[in-house]
Amino acid sequence: MQDFTPLSGAIGGALIGLAAALLLALNGRIAGISGIVGGLLSPRTGDVLWRVLFVAGLVLGALLVRLCTGAPLAAPVELSTLTLVLGGVLVGFGTRLGSGCTSGHGICGLARLSPRSAVAVPVFMASAMLTVFLLRHVPGAGQ
Amino acid sequence: MNFASLAVGLVFGLGLAISGMLNPAKVLGFLDIAGAWDPTLAVVMAAGLGVNAIAYRLTMRRATPVLAAAFQVPARRDIDARLLLGSALFGVGWGLAGICPGPALASLGTGAWEGGGAFEPRILVFVAAMLGGMGLFALFEKSGSAARR
């Protein structure tokens with residue numbers, strides 16, 4: 001429990017919730033990152049720029065915190081290239097097939113009491129926890 | 001509308017960075033319930049969900065969004081195989097790397113500079129693979145709708 005950071009977690013989480021609320025109130029869109037990015041891969045006229053700018057804002061926001069604090073926000077990525085590639089492909093394909101990720105189903109769908117999100121969130125949480133359990137606690141499973 | 005989405009994306013990125021969720025080690029620490037469990041992700045989710053759930057109810061009293069013609073909110077309520085399989089596959093990828101789509105993209109503003117200021121290109125590998133996975137889905141969708149025609 002030594003790594004538990006509830007205060008910064010609550011402040012950061014509230015800002016994420018505020019962003020999701022603002023995107024709906026202003027633009028009428030759901031702040032699901034996989035949906036916003038996925039829409040760029042099957043682009044429709046007039047539906048591209050807001051997505052690109054949202055992602056640009058996402059990168060800028062993180063960069064701003066990095067510049068203000070001066071401290072790295074993450075330990076150097078120690079994952080193997082195979083893990084990064086396999087993980088990335090599964091995250092990309094899975095979130096599109098399942099119509100959402102942590103933000104779209106988690107922050108937005110659950111807030112709307114969507115029955116699809118109420119199923120999706122426990123499924124991806126359980127699947128991720130099982131994956132970590134196998135990799136970290138079952139000898140030989142990670143090979 | 002477009003400027004608003006830049007500003008909103010920025011707030012989302014600030015939130016992700018402040019919350020600690022750009023650090024895969026913290027995400028994996030939450031997912032590792034049998035290890036030294038780090039509940040931070042649950043706090044982030046609860047705070048985000050709480051703020052958004054209240055705001056959603058207030059926003060939906062309006063007939064239209066402030067800057068657009070109509071709300072584009074998913075209307076589907078059915079639980080299908082795609083939802084289950086997709087979520088399960090996403091979970092496996094998330095558990096492998098500790099990175100989901102928002103943090104993957106936001107980390108382009110930070111992760112690339114980790115490791116003592118040296119350029120750390122490995123987050124690019126994840127983002128490229130993720131976009132590849134999404135592209136694969138777009139192709140799969142296209143061929144599926146072509147087959148149905």
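A, B, ... follow the sequence lines: proteins, then strands. Residue 1 opens every chain. Just the heavy atoms: all of them, side chains too, but no hydrogens, waters or symmetry mates, feed the values below. All figures in this text were calculated on a predicted structure; none of them were measured in a lab.
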query = Less than 4.0 Å between a side-chain N and a carboxylate O, is that true for Asp78(B) and Arg76(B)?
reply = yes

Quick one: what part of [X] sits under 4.5 Å from any heavy atom of chain A, side chain, backbone, both or neither?
X         : answer
Met60(B)  : side chain
Ser5(B)   : both
Leu16(B)  : both
Leu41(B)  : side chain
Pro103(B) : neither
Ala70(B)  : backbone
Phe140(B) : side chain
Leu58(B)  : neither

So for [X], is it side chain, backbone, both, or neither that comes closer than 4.5 Å to the heavy atoms of chain B?
X         : value
Val85(A)  : both
Arg136(A) : side chain
Ala31(A)  : both
Thr131(A) : side chain
Thr5(A)   : both
Ser117(A) : neither
Leu26(A)  : both

query = Quick one: are the ring centres of Trp50(A) and Phe54(A) less than 6.0 Å apart?
reply =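 That pair fails the under 6.0 Å test.
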
query = Ser127(A) side chain to Ala88(B) main-chain N or O, any donor-acceptor pair under 3.5 Å?
reply = yes

message = Checking the side chain of His105(A) only, and the main-chain atoms of Phe124(A) only, is there a donor and an acceptor separated by less than 3.5 Å?
response = no

Over all atoms of both residues, closest heavy-atom pair of [X] and [Y]:
X         : Y        : value
Ala106(B) : Leu22(B) : CB-CD2, 3.8 Å
Ala129(B) : Leu84(A) : CB-O, 4.1 Å
Gly106(A) : Leu49(B) : O-CD1, 3.4 Å

inquiry  = Heavy-atom pairs under 4.5 Å with chain B: which of Arg29(A), Arg116(A), Arg112(A) has the most?
reply    = Arg116(A)

